[in-house]
Amino acid sequence: MYYSSIYIKVMYLFGFLLLRVFSKGDQNVPYDVHYNIIYGNQHVVSFNQGRELQISMDNSSGSGFGSKMNYGSGYFHMKIKLPNRDSAGVVVAFYLHSNTNLHDEIDFEFLGNREGQPYNLQTNVFANGEGGREQRIHLWFDPTADFHNYKILWNNHQIVFFVDKIPIRIFKNNSNIGVGYPQQPMQLLATIWDGDDWATNGGYTKINWSFAPFKANFKDFKIGGCPIINSNDNHNCNSQDYWWNKRKYWELSFKQRRLYKEYRAKYITYDYCDDIPRYSIPPQECSINMIKKKM
Ligand SMILES: *[C@@H]1O[C@H](CO)[C@@H](O)[C@H](O)[C@H]1NC(C)=O
Ligand SMILES: *[C@@H]1O[C@H](CO)[C@@H](O)[C@H](O)[C@H]1NC(C)=O
Ligand SMILES: *[C@@H]1O[C@H](CO)[C@@H](O)[C@H](O)[C@H]1NC(C)=O
């Protein structure tokens, strides 16, 4: 009896360790399991058997990679380290994009800056071809010194942008009052490109090509998403079998809400909802947020 119970415990432990090794292994898959290089092949280098990817841009080309599949919901993440030194005018993007005429898109765009000046992280949401929902936030750490985790939660209740564990933006499904909400299958992409006509100080601060090539590094290529095999699959992606669709992910937790308020109060540098010259009447989703702010 005694020995067999020890034996069972050992087997449990062994099984547990095995599980850990495998799930860790899965987390750490080479990029080419789920992604392809989509452009600028000669500007992409992989390290550590494909577990880290570096994309770069010089005056001849940028580069990028994208998921092989499209997704209908998910909790997408990527560890990213941004170009160091002077990166003014350089844009690194990590985003979801539907390849359609009236497209849906959910964006992280890292807007480079002169050396020593902070990066702006811009986020945007397009639904049915309609965007113009930019927000910008200063990062509270040096994103060029190390990898940080950037995440997009997308279910049919909300879209949340996370920087490490901090939720920096929420876009609610307000389709019941006529606000567009992304619902088309989207591809996950990461790119580096020349945005110097707008990205830094409204386009006044240009790329200094003597600092090229600009290099961004990526890690952690597992994808937590609902893959769409054919376009009729879409409805399955709201299933609660996917953990990011469960009730817990329909809104922020109390603690997340507190962090959201705290970090936004300190680090937001631009919010389209407050841009009166641009939108004399703020878009509908903004007034809903205002009501929430006052509550
Ligand atoms: C691009 O950069 C290379 C290397 O710095 C330089 O030799 C070349 O003249 C540049 N080309 C253009 C079109 O600016
Ligand atoms: C948004 O919410 C509505 C209910 O208000 C729901 O019918 C719809 O499916 C949701 N949209 C998406 C894209 O998930
Ligand atoms: C680009 O950077 C180099 C090296 O710091 C500097 O000498 C040069 O003046 C810069 N060019 C522009 C246009 O700012």
Side-chain angles (χ1 to χ4, degrees), residues 40 42-43 56-63 70-76 83-90 95-98 100 102-107 112-117 124-131 133 144 152-161 170-188 192-197 199-215 224-228 231-252 283-285 287-289 291-292:
Q42 68 284 21
H43 290 74
S56 67
M57 176 175 68
D58 61 17
N59 62 6
S60 70
S61 175
S63 52
N70 286 312
Y71 297 90
S73 69
Y75 202 158
F76 307 95
N84 61 4
R85 302 188 301 171
D86 188 320
S87 59
V90 177
Y95 61 109
L96 287 155
H97 178 88
S98 78
T100 51
L102 296 175
H103 77 291
D104 291 350
E105 187 175 316
I106 305 174
D107 294 309
N113 215 335
R114 289 275 179 254
E115 185 161 13
Q117 302 290 315
N124 202 355
V125 176
F126 285 73
N128 234 356
E130 203 179 312
R133 301 190 171 98
T144 73
I152 298 169
L153 168 66
W154 172 37
N155 60 35
N156 65 350
H157 294 269
Q158 62 176 355
I159 290 160
V160 185
F161 296 82
I170 310 167
F171 188 81
K172 288 260 173 209
N173 176 352
N174 283 315
S175 65
N176 59 334
I177 56 158
V179 179
Y181 192 75
Q183 59 181 336
Q184 304 177 65
M186 290 193 275
Q187 186 188 12
L188 192 55
I192 183 166
W193 36 280
D194 175 353
D196 84 353
D197 55 340
T200 311
N201 299 322
Y204 284 110
T205 307
K206 299 295 183 190
I207 293 182
N208 183 336
W209 290 103
S210 70
F211 291 102
F214 303 98
K215 299 169 181 169
C226 166
I228 305 238
S231 47
N232 303 329
D233 274 355
N234 211 353
H235 60 281
N236 292 336
C237 289
N238 294 334
S239 158
Q240 300 235 356
D241 292 344
Y242 294 109
W243 57 267
W244 53 83
N245 290 331
K246 291 189 193 296
R247 198 162 208 311
K248 184 178 166 201
Y249 298 95
W250 293 4
E251 51 189 29
L252 296 188
Q284 246 186 317
E285 69 272 18
S287 46
I288 289 200
N289 289 341
I291 294 165
K292 284 217 170 113

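Values below: every heavy atom of this structure, side chains too, minus hydrogens, waters and symmetry copies. One-based numbering, in listed order, for ligands and for the atoms of each.
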J.: With a 4.0 Å cut-off on heavy atoms, is S73 in contact with ligand 2?
T.: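 False for this residue.
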J.: Looking only at protein heavy atoms, identify the closest one to atom 5 (O) of ligand 3 and say how far it is in Å.
T.: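 Protein heavy atom with the smallest distance to atom 5 (O) of ligand 3: F211 CZ, 3.6 Å.
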J.: Yes or no, since that's all I need: does a protein heavy atom fall within a distance strictly under 4.0 Å of atom 13 (C) of ligand 3?
T.: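 Under the 4.0 Å cut-off, atom 13 (C) of ligand 3 has no protein heavy-atom neighbours at all.
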J.: Check each atom of ligand 2 against the heavy atoms of S175 and keep those under 4.0 Å away; list them by number with element.
T.: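 Answer for ligand 2: 1 (C), 2 (O), 3 (C).
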J.: Taking C-beta and beyond as the side chain, do W244 and F76 meet within less than 4.5 Å on heavy atoms?
T.: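 Counting from C-beta outward, W244 and F76 never come under 4.5 Å.
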J.: Can you tell me if S73 uses its side chain to pair, donor with acceptor, with the backbone of N155 under 3.5 Å?
T.: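 Not confirmed, S73 side chain does not pair with N155 backbone.
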J.: Hey, what do you get for CG (D58) to CG (D194), rounding to the nearest 0.5 Å?
T.: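 Result: 11.5 Å between the selected atoms.
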J.: Between the candidates N173, N155, N176, N174, which shows the shortest non-hydrogen contact distance to atom 6 (C) of ligand 2?
T.: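 Among N173, N155, N176, N174, the closest heavy atom to atom 6 (C) of ligand 2 comes from N173.
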J.: About how many Å separate CD of E285 and CZ of R133, when rounded to the nearest 0.5 Å?
T.: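 The CD atom of E285 is 4.5 Å from CZ of R133, to the nearest 0.5 Å.
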J.: Are W209 and ligand 3 in contact, using a heavy-atom cut-off of under 4.0 Å?
T.: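 No heavy atom of W209 comes that close to ligand 3.
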J.: Take Q184 and D104 through the test side chain to side chain donor-acceptor pair (under 3.5 Å) and record every step on the way to the result.
T.: CA-CA 6 Å; Q184 304 177 65; D104 291 350; 3.1 Å; yes
J.: List ligand 3 atoms under 4.0 Å from S210, heavy atoms only on the residue side.
T.: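 Near S210, the atoms of ligand 3 are 1 (C), 2 (O), 3 (C).
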J.: Are E115 and S87 close enough that some pair of their side-chain heavy atoms sits under 4.5 Å apart?
T.: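 No - every pair of side-chain heavy atoms lies 4.5 Å or more apart.
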J.: What do the steps show when you test L252 against I170 for side-chain contact (heavy atoms from CB on, under 4.5 Å), and what is the final call?
T.: CA-CA 9 Å; L252 296 188; I170 310 167; 3.5 Å; yes
J.: Just jot down the ligand 1 atoms closer than 4.0 angstrom to any heavy atom of N59, in number order.
T.: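 This gives 1 (C), 2 (O), 3 (C), 8 (C), 10 (C), 11 (N), 12 (C), 14 (O) as the contact atoms.
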J.: Should you measure from each heavy atom of Y181, which atoms of ligand 2 turn up under 4.0 Å away?
T.: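 Listed by number with element, the hits are 12 (C), 13 (C).
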J.: Considering only the protein, which heavy-atom contact is closest to atom 8 (C) of ligand 3, and what is its distance?
T.: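 For this ligand atom, the closest protein heavy atom is N208 ND2, 3.8 Å.
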J.: Is the H103-F126 ring centre distance short of 6.0 angstrom?
T.: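 So the answer is yes for these two rings.
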J.: Which atoms of ligand 2 sit under 4.0 Å from any heavy atom of P182?
T.: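 Taking each heavy atom of P182 in turn, ligand 2 has 13 (C) under 4.0 Å.
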J.: Could you check whether atom 2 (O) of ligand 3 has a protein contact, counting only heavy atoms that fall below 4.0 angstrom?
T.: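 Given the 4.0 Å limit, the answer for atom 2 (O) of ligand 3 is yes, a protein heavy atom qualifies.
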J.: Right, does atom 10 (C) of ligand 2 have protein non-hydrogen atoms nearer than 4.0 Å?
T.: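 Protein heavy atoms within 4.0 Å of atom 10 (C) of ligand 2 - there is at least one.
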J.: Ring centroids only, cut at 6.0 angstrom: are Y71 and W154 within range, meaning strictly under it?
T.: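 Here the rings of W154 and Y71 have centres that are no less than 6.0 Å from each other.
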